[in-house]
Structures are given as C-alpha cells and as structure tokens.
Amino acid sequence: MSVDYAVRTDGLIKTFSGMEILTNCCMNVQLGTIYGFLGPNGAGKTTLMKILTGLLQPTAGSVEVLGLQVVKHREEILRKVGSLIEVPVFFERLSAEANIRLHLEYMSMTGVDIKEMLEMVGLTHTGQQAVSTFSLGMRQRLAIARALSHKPELLILDEPINGLDPMGIREMRDLFVKLVKEHKMTILLSSHILSEIEHIADTVGVITRGTIVRELSMCELRSQVPGGLEDYFFGIMSGGHGIA
Amino acid sequence: MLKLMRLELQRNKLTTYFTASAIACVCLIGFIYFVAYVAQVENEIDFQNYSNIFLFTSVVSMIVYAIMAAVMYSRFVIDEYRGKMMLLLFSYPISRKKMLLAKMLLIMSFTTLAMIVSNIPPLIIFSISETISPIVSDTLSTGLILNVVKTIFILGVSLNTICLVALRIGFAKKSVPATIVLSFVLCALYGNAIIASFGNDAVILALCLLMLIIGGAIVLELLNKVHRMEFEEQT
C-alpha cells in the first residue's frame with residue numbers, strides 16, 4: 001500500500017443493550033495528517049474514540065490502529081497513542097508536574113522534559129499547585145500536555161479546545177500543526193467548532209447516527225463546496241451529501 | 001508489580017493510615033487494661049482470666065483494622081474503578097489485572113502487618129505489668145502467650161478474606177458505606193468463631209484454610225471482572 005493508515009475501521013458495529021450506537025462505521029485516517037471528526041451530539045464520536053483506545057470492545061467489524069488490531073494488541077497500541085477522551089481526569093491532589101511524571105511512569109517512558117511539556121501548553125507557573133484547583137481551561141491544557149508527553153504516534157483528542165480561551169485555541173491550533181509537521185504525528189480530533197476544524201484539518205469525516213457518511217479531504221472540499229465546511233456540514237445534516 | 005505498587009503509593013499516601021495504626025495501638029493498650037480492671041470491679045468471671053482478655057483485645061483490633069482496610073479498599077479500588085478515573089487508568093499500557101493486583105497486595109500487606117505489629121505492644125506491656133503488679137488473679141504461662149500470638153497471626157490473615165468479601169460486594173454495588181459496614185459485621189461474626197475455637201488447633205487451621213480459599217477465589221474473580229469491564233461499561 002502506498003498510503004499507510006493510522007486508523008482504519010471497517011464495518012464497525014457497537015451495540016449497547018440492543019441499541020446500535022455505531023452502525024457499519026468505516027473510518028480511514030492517513031498517517032501524518034490531521035483528521036477532523038464532526039457530528040452532532042450523540043452521533044457516536046466518543047464511542048468510536050473509546051473503541052480506538054480499547055476502552056470499549058467492538059461488537060463486530062475490524063478496528064486497526066497503527067496497523068495493529070486493537071482487540072489483540074491493546075497494550076502495544078496504548079503505548080503509542082495519546083488520548084484525551086470526554087473530560088480530562090487527573091490525580092487531583094498532585095501538581096501538574098507530578099501528574100505528568102506519573103503518567104510517564106505508567107507509560108514506561110523516560111527522558112522527557114516535563115517542564116518543556118508544560119511550557120508547550122502554557123502552564124509554566126502552576127508549580128506545586130494541586131490540579132484540583134485548576135480551571136477547566138487549565139485542565140484541558142494539562143490533558144493535552146499529558147497526551148503528548150510520551151511522544152505518541154497518534155493523538156486521539158475528543159473536543160480538545162473545549163473551555164479554552166481564544167489565545168489557547170490559537171496556541172493549540174499552532175501546536176497541532178507543528179506536531180504533525182515536525183514530529184510526524186497523526187491527530188484525530190473531534191470538535192463542534194467548525195471553523196477550527198476548517199483551519200487545521202487535512203481530512204474531514206462526518207458521522208451521523210452511528211455511520212461515517214463521508215470522508216473528504218479539505219482540498220477537495222474547498223474545490224467542491226464554495227461555501228466551505230459549514231455549508232458542507234449542514235448539507236450532510238439535512239440529508240444530502242453536502243455537495244451541491 | 002513492585003513498580004506498580006510504588007506508583008500507587010505516589011498517588012495515594014499511606015501517612016494517614018500509619019497515624020491511624022499508631023493511634024489504634026495506643027488505644028489497644030488502654031483497652032486491655034480497661035477490660036482487666038472493669039472485670040475485677042464488676043466481678044465479671046469471664047474476663048478474670050488472661051486468655052479471654054487477650055482474645056477480646058485481639059478480636060477488637062481485628063475489627064479496627066478491618067474497618068481501616070475497608071476504607072483503604074474503598075479509596076484505592078472502589079473509588080478508582082467507578083466514574084472517570086477508570087478512563088485514565090484503563091488508557092495505560094498496563095494489564096488491568098496487574099494494576100488491580102498491585103492495589104490489593106499493597107493493602108493486604110499493609111493491614112496485615114499493621115494489625116500484627118500493633119498487637120505486640122499491648123501484649124508485652126500488659127504481660128510485664130501483670131508479672132510486677134497483677135490486676136488479674138490468673139497465672140500467665142508461656143503456652144498461653146504462644147497461643148495468643150498464634151491467634152493474632154491467624155486473625156491477621158483472616159482479616160484479608162473478610163475485607164475481600166466486603167470489597168467484592170461493595171464493588172458490585174459501587175458503594176463505599178456497604179464495604180465498611182460489611183467488613184465490620186463479618187469481623188464480628190468471625191471473631192466469635194475464633195474465640196469459640198481458641199486452643200483447638202484443628203478447627204483453627206480448618207477455618208484459616210477456608211478463609212484462604214475464599215480469599216483466593218475472590219481475588220481471581222475480581223481480577224477477571226476488571227479485565228472484562230470494557231464489555232459492560234457504558235457512559
């Protein structure tokens with residue numbers, strides 16, 4: 001294969017007590033790209049991300065992350081994946097630095113400059129302050145730093161810019177682009193802020209009612225939909241294929 | 001495994017439990033004199049012999065440590081496996097079974113040791129003061145002391161099973177109060193069984209074996225349960 005994929009799912013189905021949350025879901029995330037994952041609330045974005053990180057078990061279908069089957073190679077994959085899913089969870093009584101240090105120990109990773117990590121997300125001066133005193137935006141920043149700290153090959157971020165201030169949003173945007181360019185990372189991120197996805201994504205995938213209806217590269221999208229991502233997204237939501 | 005235990009300790013400090021153990025030890029010293037003295041004053045025949053005084057003290061200490069272990073299990077296990085913390089713990093490339101086992105081993109070894117160690121000062125201090133100026137009109141023999149020490153060890157081992165039973169039920173109910181209350185009730189029941197079988201080695205050995213088997217079964221079952229948790233979790 002000429003193009004390698006960081007994430008490939010095929011015919012993925014997930015049911016919760018008889019209800020199909022994901023139906024025949026096919027996602028293809030190319031290595032070294034930023035994949036913007038869009039969809040209304042309850043469409044199955046978080047469920048799919050949880051399956052990719054082994055937090056949930058697929059009911060049927062195949063799921064490959066970094067070329068490995070998630071079900072069989074959970075631990076191997078987790079070492080190479082950084083994730084932020086749902087709300088950021090921390091060891092509340094410890095400082096930001098201690099949280100990352102513990103994270104690195106659990107990831108069996110050494111030789112990481114934690115200070116540099118905190119600096120990267122703008123959390124330089126929190127010192128020994130316990131994470132329980134952090135605001136939502138600070139927690140979000142710390143969660144991103146933690147997800148990055150063990151130098152993963154794939155980042156899975158669920159609503160990473162939730163609760164960030166405008167400066168934070170721009171900093172994260174620059175950071176994500178830099179990570180892909182300089183560190184050859186692949187980023188899969190979901191967001192409700194369409195303009196944000198439009199800014200940074202190379203590919204956009206839209207999920208509704210448990211199925212990824214369409215995956216399209218931003219280049220194609222720009223040439224096919226003059227109104228940009230917003231028109232495209234609402235086009236799909238209203239039942240069409242988003243392309244006039 | 002040792003590394004995982006060390007990491008647990010970095011997240012959950014044991015200082016509180018050390019302090020609690022020290023306080024419990026001091027209280028037990030007070031308690032043993034209290035029992036001996038009150039029995040004399042009130043003319044309570046049952047507690048005018050050493051074996052019952054020692055037994056009563058060690059069973060009470062087991063109850064104290066069972067509650068402490070239940071609190072620790074609630075903190076280390078139940079709280080972390082319900083709600084969001086699970087999302088974080090399960091996203092590490094570490095076998096879920098190993099992570100849980102590390103928590104359990106840590107709590108077991110701490111509470112067992114703490115209980116046995118904190119029973120020693122009351123036993124020694126009381127025995128010495130009784131040889132100098134006795135409160136109780138009974139004779140203190142080496143054989144008796146050895147039997148008491150044996151019982152303390154057995155209680156220390158059984159303590160784990162009792163708390164594991166409580167943990168298992170508390171885990172199913174995801175409830176901290178259930179765990180603590182259960183461990184108290186089970187301890188009271190088991191303590192009576194031990195008192196009734198004091199001196200009868202065969203019965204005590206059988207009880208001890210039974211407890212070990214039950215404890216082992218619960219550990220295995222719970223490890224598998226956590227391993228499979230992904231199937232059931234829905235948020």
Side-chain angles (χ1 to χ4, degrees), chain A residues 14-19 21 42 46-47 49-59 68 70-71 73-95 97-99 101-110 131 139 142-143 146-147 150 152 156 158, chain B residues 1-19 71-72 74-107 174 176 223-235:
Chain A
K14 175 70 187 173
T15 57
F16 282 130
S17 44
M19 272 247 295
I21 302 296
T46 304
T47 305
M49 287 178 158
K50 281 186 180 168
I51 289 174
L52 295 179
T53 48
L55 291 171
L56 290 172
Q57 222 48 29
T59 312
L68 296 167
V70 174
V71 184
H73 303 273
R74 187 186 81 100
E75 286 170 36
E76 224 175 315
I77 290 171
L78 286 180
R79 200 162 290 133
K80 298 186 206 162
V81 172
S83 62
L84 160 57
I85 291 176
E86 283 193 347
V87 288
V89 189
F90 300 100
F91 308 122
E92 296 288 333
R93 285 177 302 148
L94 303 177
S95 68
E97 211 182 308
N99 262 284
R101 195 176 314 115
L102 267 170
H103 172 81
L104 290 171
E105 291 233 35
Y106 275 115
M107 286 287 179
S108 309
M109 183 84 187
T110 48
V131 173
R139 299 168 74 89
L142 179 57
R146 184 175 62 188
H150 58 285
I156 298 180
D158 189 8
Chain B
M1 188 56 72
L2 279 176
K3 181 188 164 192
L4 286 179
M5 287 164 83
R6 187 171 53 81
L7 291 179
E8 283 297 327
L9 282 181
Q10 286 183 26
R11 293 179 9 219
N12 298 297
K13 295 269 181 293
L14 282 188
T15 336
T16 334
Y17 306 106
F18 274 114
T19 322
V71 172
M72 289 175 82
S74 305
R75 280 267 167 81
F76 284 65
V77 181
I78 295 179
D79 276 353
E80 294 203 346
Y81 284 101
R82 66 173 178 190
K84 304 286 175 200
M85 186 47 99
M86 210 169 64
L87 274 181
L88 178 62
L89 292 182
F90 283 0
S91 70
Y92 287 130
I94 287 164
S95 143
R96 299 177 181 187
K97 288 186 179 183
K98 270 193 195 161
M99 200 182 268
L100 179 60
L101 195 61
K103 289 171 188 287
M104 288 173 147
L105 283 178
L106 189 75
I107 298 171
K174 302 265 180 212
V176 172
L223 289 179
N224 279 317
K225 161 116 181 134
V226 168
H227 187 66
R228 282 182 284 108
M229 233 152 131
E230 51 207 345
F231 293 109
E232 300 160 15
E233 210 45 53
Q234 181 183 358
T235 37

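Computation of the quantities below employed the complete heavy-atom set of this structure, encompassing side-chain atoms and omitting hydrogens, waters and symmetry-equivalent molecules. Below, chain A is the first sequence line, B the second, and so on; all start at residue 1.
Atom CD1 of Ile94(B) and atom CE of Met107(A) lie 8.5 Å apart (nearest 0.5 Å). Here the straight-line distance linking atom CZ of Arg6(B) with atom CG of Leu102(A) works out to 9.0 Å at 0.5 Å rounding.
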task: Would you sort out whether Phe91(A) and Gln10(B) count as a side-chain contact (heavy atoms from CB on, under 4.5 Å), showing the intermediate values?
output: CA-CA 10 Å; Phe91(A) 308 122; Gln10(B) 286 183 26; over 6 Å; no
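Residue contact with chain B, scored on non-hydrogen atoms closer than 4.5 Å, involves the backbone and the side chain of Ser108(A) alike. For a residue to count as touching a neighbouring chain, one of its non-hydrogen atoms must lie under 4.5 Å from one of that chain's; by this rule Arg101(A) does not touch chain B.
The two residues Val89(A) and Leu88(B) have their closest heavy-atom pair at O-CD2, 3.6 Å.
Heavy atoms from other residues, nucleotides or ligands lying under 6.0 Å from CZ of Arg79(A) number more than 12.
Side-chain contact between Leu4(B) and Tyr106(A) is present, with at least one heavy-atom pair separated by less than 4.5 Å. In this structure, the side chains of Tyr92(B) and Glu75(A) stay at 4.5 Å or more apart for every pair of heavy atoms.
Looking only at heavy-atom pairs under 4.5 Å with chain B, the residue among Glu76(A), Arg146(A), His150(A) that has the most is Arg146(A).
With hydrogens and angles disregarded, a donor-acceptor distance shorter than 3.5 Å links the side chain of Lys3(B) to the backbone of Glu105(A). A donor-acceptor pair under 3.5 Å is absent between the side-chain atoms of Arg74(A) and the main chain of Ser91(B), judged by distance alone.
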